[in-house]
Structure formats: C-alpha cells, structure tokens
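Working notes for the structure below.
Proteins get letters first, then strands, A, B, ... in listed order; numbering begins at 1 in each.
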2 protein chains.
Amino acid sequence: MFSKACQYGIKSVIYIWKQSLLGNKVGAKEIAEHVDAPEPFTAKILQELVRKKIIGSQKGPTGGFYADGAHESFTLRDLVEVIDGDGLFKGCSLGLKECSETNPCPLHHEIKKVRTHVVDMLTKKSLKQLAQEVERGETVLARFDF
Amino acid sequence: MFSKACQYGIKSVIYIWKQSLLGNKVGAKEIAEHVDAPEPFTAKILQELVRKKIIGSQKGPTGGFYADGAHESFTLRDLVEVIDGDGLFKGCSLGLKECSETNPCPLHHEIKKVRTHVVDMLTKKSLKQLAQEVERGETVLARFDF
DNA sequence: CAATTTAAGGACTTTTTTATCCTTTATTGT
DNA sequence: ACAATAAAGGATAAAAAAGTCCTTAAATTG
C-alpha cells in the first residue's frame with residue numbers, strides 16, 4: 001500500500017510534530033532512531049518533504065526539522081501524494097490506458113469505493129492530530145519501550 | 001496497490017476464464033496481446049499461477065492455459081496473495097515490528113477497516129464471475145475496440 | 001516416430017526503489 | 001571572524017521488481 005519511503009516519511013513527520021509540540025527541533029539522526037528507519041534514507045525523504053513544505057527545517061546548531069502553524073493543515077493524504085504520487089487515489093488499478101465509468105475495468109466500481117474509504121482515512125486527521133495521539137500514548141511509532 | 005505483475009496476472013486470468021467459458025484454451029501470446037501486457041513477463045506470471053493451481057495449463061499443440069471446475073472457487077484475493085503476498089492484508093502498514101491492538105501504530109485501527117473493505121472487494125466475486133461480466137460487455141480488460 | 005506446438009525453467013538485463021556517502025551551504029555561538 | 005553543527009545536494013551502491021531470451025520438456029497430429 002505504502003512504499004518504504006512513504007512509511008518512513010509518515011512516521012518521521014509524526015515524530016517531528018510530536019517534538020514540535022514540545023518545542024523541540026529534531027535532527028535526522030534522532031528522527032531515524034525513533035522511527036526505526038535508516039538515517040541517510042530518512043534524511044533524503046525529509047529533504048523532499050521540506051521542499052514540498054509539509055514540514056520546515058533549519059540548518060546549523062540548534063537547527064533541525066520542525067512543524068508549526070504553517071504546516072498545521074496537512075494530512076497523510078498530502079504526505080503520501082508527495083512521496084508515492086497519486087497512484088493510490090487516481091488512475092486505473094489494473095493499469096488500463098482507458099478506464100472510465102463508461103469503459104470500466106473489472107475492478108473499477110469497487111476500487112472507487114475503496115479509494116473513497118482510503119482518502120477518508122488519510123484526510124480524517126491532520127498530521128498534528130496524529131502526533132497528539134502518539135503524545136497521549138494512544139498510538140506508537142516504534143516498539144513502545146523505546 | 002497492486003504490483004505490475006499482479007495487474008497482468010489479474011487481467012490474464014480473467015481473460016483465460018472468459019475464453020474457457022467459450023471452450024477455448026489460450027496461449028501466452030494471445031493472452032498478453034488481449035490484456036496489453038508484455039508477453040514473456042506474462043508467461044512467467046502464468047507459470048506461477050499454474051503452480052499454485054489458480055489456473056490450469058496444457059503443453060503441446062491445441063494446448064494453452066485454461067480454467068475449469070477445479071478453479072471455480074478462486075477469487076482475486078487468492079490470486080493477489082499468490083503474486084503480491086499478503087502485505088495488503090496483513091502486517092503493519094507502517095512497517096512496525098510490533099503493532100497490535102494494544103500497541104497500535106497511528107494507522108492501525110483505520111487500516112484495519114480499510115483492509116476489511118479491500119478483502120470484501122477481492123472476495124465478493126469469483127474470477128469466473130468477473131470473466132462473465134467481461135463477456136457480457138459490462139467491463140473490459142483493455143480498450144474496448146480491441 | 002518425427003515434426004510441430006506450447007508451457008516450463010533458468011539465466012540474464014534493465015529499471016526502479018532503497019540505501020549510503022561525501023561535499024557544500026547555511027546558521028549558530030563564541 | 002571562526003569553529004562547530006545540521007540540512008541540502010549530488011554521486012554512487014545494493015536490492016528488488018520488471019522484463020527478456022533461450023533451452024528443455026511435454027503433448028498433439030500426421
């Protein structure tokens with residue numbers, strides 16, 4: 001469903017939000033450790049997320065990645081689209097060049113409903129809200145004894 | 001959602017069923033043409049599906065791939081699992097090593113519902129039924145002027 | 001039985017994804 | 001201004017997925 005890059009991206013951004021809510025900027029290394037992802041690869045993904053303004057970053061000492069008011073409205077849907085593109089939401093799931101309501105592939109109508117459900121899931125909560133759930137201990141980003 | 005291999009596999013098996021309902025066995029080349037997929041790659045995928053008994057095959061002249069009573073109960077779920085594995089149905093969607101009801105990742109509960117929906121979609125109809133819909137012209141496997 | 005046909009199997013190539021490393025640039029504190 | 005720190009960027013490497021090709025094995029027909 002999600003690529004590895006996307007999984008790392010999701011966990012990283014939630015972790016960044018969690019720390020930002022506590023007033024901390026965090027470095028790529030710390031992030032990678034806390035979400036159980038390879039550091040250099042994670043750094044690459046974060047770079048892209050900064051470029052697309054899903055999160056912010058600052059260089060130099062006391063710098064790091066962060067999220068604030070400017071990023072408050074982003075959801076998983078935005079993040080997933082940046083990293084994995086819109087293949088999960090758009091286009092024929094069987095790869096037909098011409099697939100539409102009047103010329104539907106065997107999965108067309110059913111996939112449409114599943115996609116609505118998926119988009120619902122990905123837009124229901126903001127990334128910030130997901131981080132708040134982690135902060136409250138309702139959900140976790142890695143094994144919880146970490 | 002589905003790998004290329006899986007997309008080709010789905011379309012191929014539906015085409016094979018469609019032809020089998022008309023009493024025809026079909027060769028890899030014909031299949032690949034009708035589902036708009038690369039022939040040698042499609043042949044590889046079909047090999048695997050035969051090995052896992054999703055379809056049947058016969059060598060030699062008048063041979064080819066086919067489906068019959070022995071394959072009647074298979075659904076997309078079976079096929080997808082053979083080709084893409086169970087990643088779409090099982091395991092943590094964020095890759096957490098320990099993700100469970102009591103130690104859930106941020107997507108755990110929502111993904112569970114989506115997966116139920118996905119499995120519903122993939123088990124609702126047999127591959128044979130999907131082929132019958134194609135035969136009736138309700139759905140298509142490639143551009144419909146083919 | 002010989003020729004032909006078609007799937008099976010294995011080796012191989014290409015492309016994409018995943019992952020690492022090194023250099024440069026920006027920022028901070030002294 | 002200088003040293004230290006952290007992200008940005010680019011080049012490269014490894015692994016997986018996608019795709020091809022060639023040889024072998026099985027079945028059919030004349």
Side-chain angles (χ1 to χ4, degrees), chain A residues 1-13 15-16 19-20 24-67 80 82-85 87-88 94-95, chain B residues 1-13 15-16 19-20 24-33 35-67 71 80 82-85 87-88 94-95:
Chain A
M1 191 140 191
F2 306 119
S3 69
K4 284 289 184 76
C6 198
Q7 294 178 8
Y8 299 153
I10 291 171
K11 292 188 284 184
S12 294
V13 171
Y15 181 76
I16 290 164
Q19 291 303 316
S20 286
N24 309 129
K25 291 199 197 73
V26 279
K29 190 176 177 187
E30 179 186 338
I31 296 168
E33 277 168 6
H34 282 83
V35 306
D36 194 26
E39 195 245 297
F41 192 34
T42 303
K44 270 270 127 60
I45 296 159
L46 292 174
Q47 225 177 90
E48 178 69 7
L49 292 171
V50 169
R51 222 178 293 136
K52 297 291 173 58
K53 319 267 196 204
I54 304 293
I55 49 174
S57 71
Q58 187 164 39
K59 291 183 181 178
T62 78
F65 298 92
Y66 63 89
V80 169
V82 164
I83 300 178
D84 282 349
L88 193 56
L94 295 183
Chain B
M1 190 142 194
F2 305 119
S3 68
K4 284 290 183 77
C6 198
Q7 294 178 8
Y8 299 153
I10 292 171
K11 292 189 285 184
S12 294
V13 170
Y15 181 76
I16 290 164
Q19 291 303 314
S20 287
N24 309 129
K25 291 198 197 74
V26 280
K29 189 175 178 187
E30 180 187 338
I31 296 167
E33 276 168 6
V35 305
D36 195 25
E39 197 244 298
F41 192 32
T42 304
K44 268 271 125 62
I45 295 158
L46 293 174
Q47 227 177 88
E48 179 69 7
L49 292 171
V50 170
R51 223 177 293 136
K52 296 291 175 59
K53 319 271 195 199
I54 304 292
I55 50 173
S57 70
Q58 186 163 40
K59 292 182 180 178
T62 76
F65 298 92
Y66 63 89
H71 312 107
V80 169
V82 165
I83 299 178
D84 282 349
L88 193 55
L94 295 184

Whole angstrom value for the distance that separates [atom2] of [N] from [atom1] of [X]:
X        : N       : atom1 : atom2 : result
Ile45(B) : dT20(D) : CD1   : P     : 11 Å
Leu46(A) : dA8(D)  : CG    : P     : 8 Å
Lys52(A) : dA7(D)  : NZ    : P     : 20 Å
Phe2(B)  : dA17(D) : CZ    : C1'   : 17 Å
Phe41(A) : dA8(D)  : CZ    : P     : 16 Å
Lys4(B)  : dA16(D) : NZ    : C1'   : 15 Å

**Report entry** Atom pair CD (Gln7(B)) and CG (Asp36(B)), whose distance is rounded to the nearest 0.5 Å
**Finding:** 11.0 Å

**Report entry** Comparing Lys44(B) and Lys59(A) on DNA chain D - which has the more 5′ nearest nucleotide
**Finding:**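 Of the two residues, Lys59(A) wins.
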
Contact class for [X] (heavy atom, under 4.0 Å): base, sugar-phosphate, or nothing?
X        : answer
Gln58(B) : sugar-phosphate
Ala28(B) : sugar-phosphate
Pro38(B) : sugar-phosphate

**Report entry** Test salt bridge (Lys or Arg N to Asp or Glu O under 4.0 Å) applied to Glu48(A) - qualifying residues, sequence neighbours left out
**Finding:** Arg51(A), Lys52(A)

Query raised in the report: Can you list the residues that meet the salt bridge (Lys or Arg N to Asp or Glu O under 4.0 Å) rule with Asp84(B), with sequence neighbours excluded?
Result: none

Heavy atoms, side chains only, cut-off 4.5 Å: are [X] and [Y] in contact?
X        : Y        : value
Tyr15(B) : Lys11(B) : no
Leu46(B) : Ser57(B) : no
Ile10(A) : Val35(A) : no
Phe2(A)  : Leu88(A) : yes

Query raised in the report: Going 5' to 3' along DNA chain C, which nucleotides are the first and last within contact of chain B (any atom under 4.0 Å from a heavy atom)?
Result: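 Footprint of chain B along DNA chain C, 5' to 3': dT4(C) to dA11(C).
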
Report task. Look at Tyr8(B) and dA18(D) and indicate whether a side-chain polar atom (N or O) is within less than 4.0 Å of OP1 or OP2. Result -> no

Query - Any Gln47(A) side-chain N or O less than 4.0 Å from OP1/OP2 of dG9(D) - result: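 Yes, Gln47(A) has a side-chain N/O under 4.0 Å of OP1/OP2 on dG9(D).
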
**Report entry** Residue whose nearest DNA chain C nucleotide is more 5′ - Gly63(A) or Ala5(A)
**Finding:** Ala5(A)

Query raised in the report: Which residue lies toward the 5' end of DNA chain C, Gly60(A) or Gly64(B), if each is placed at its nearest nucleotide?
Result: Gly64(B)

Query raised in the report: Taking the side chain of Pro40(B) as heavy atoms from C-beta outward, which of dT28(D), dG9(D), dT20(D) is closest to it?
Result: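 The answer is dT20(D).
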
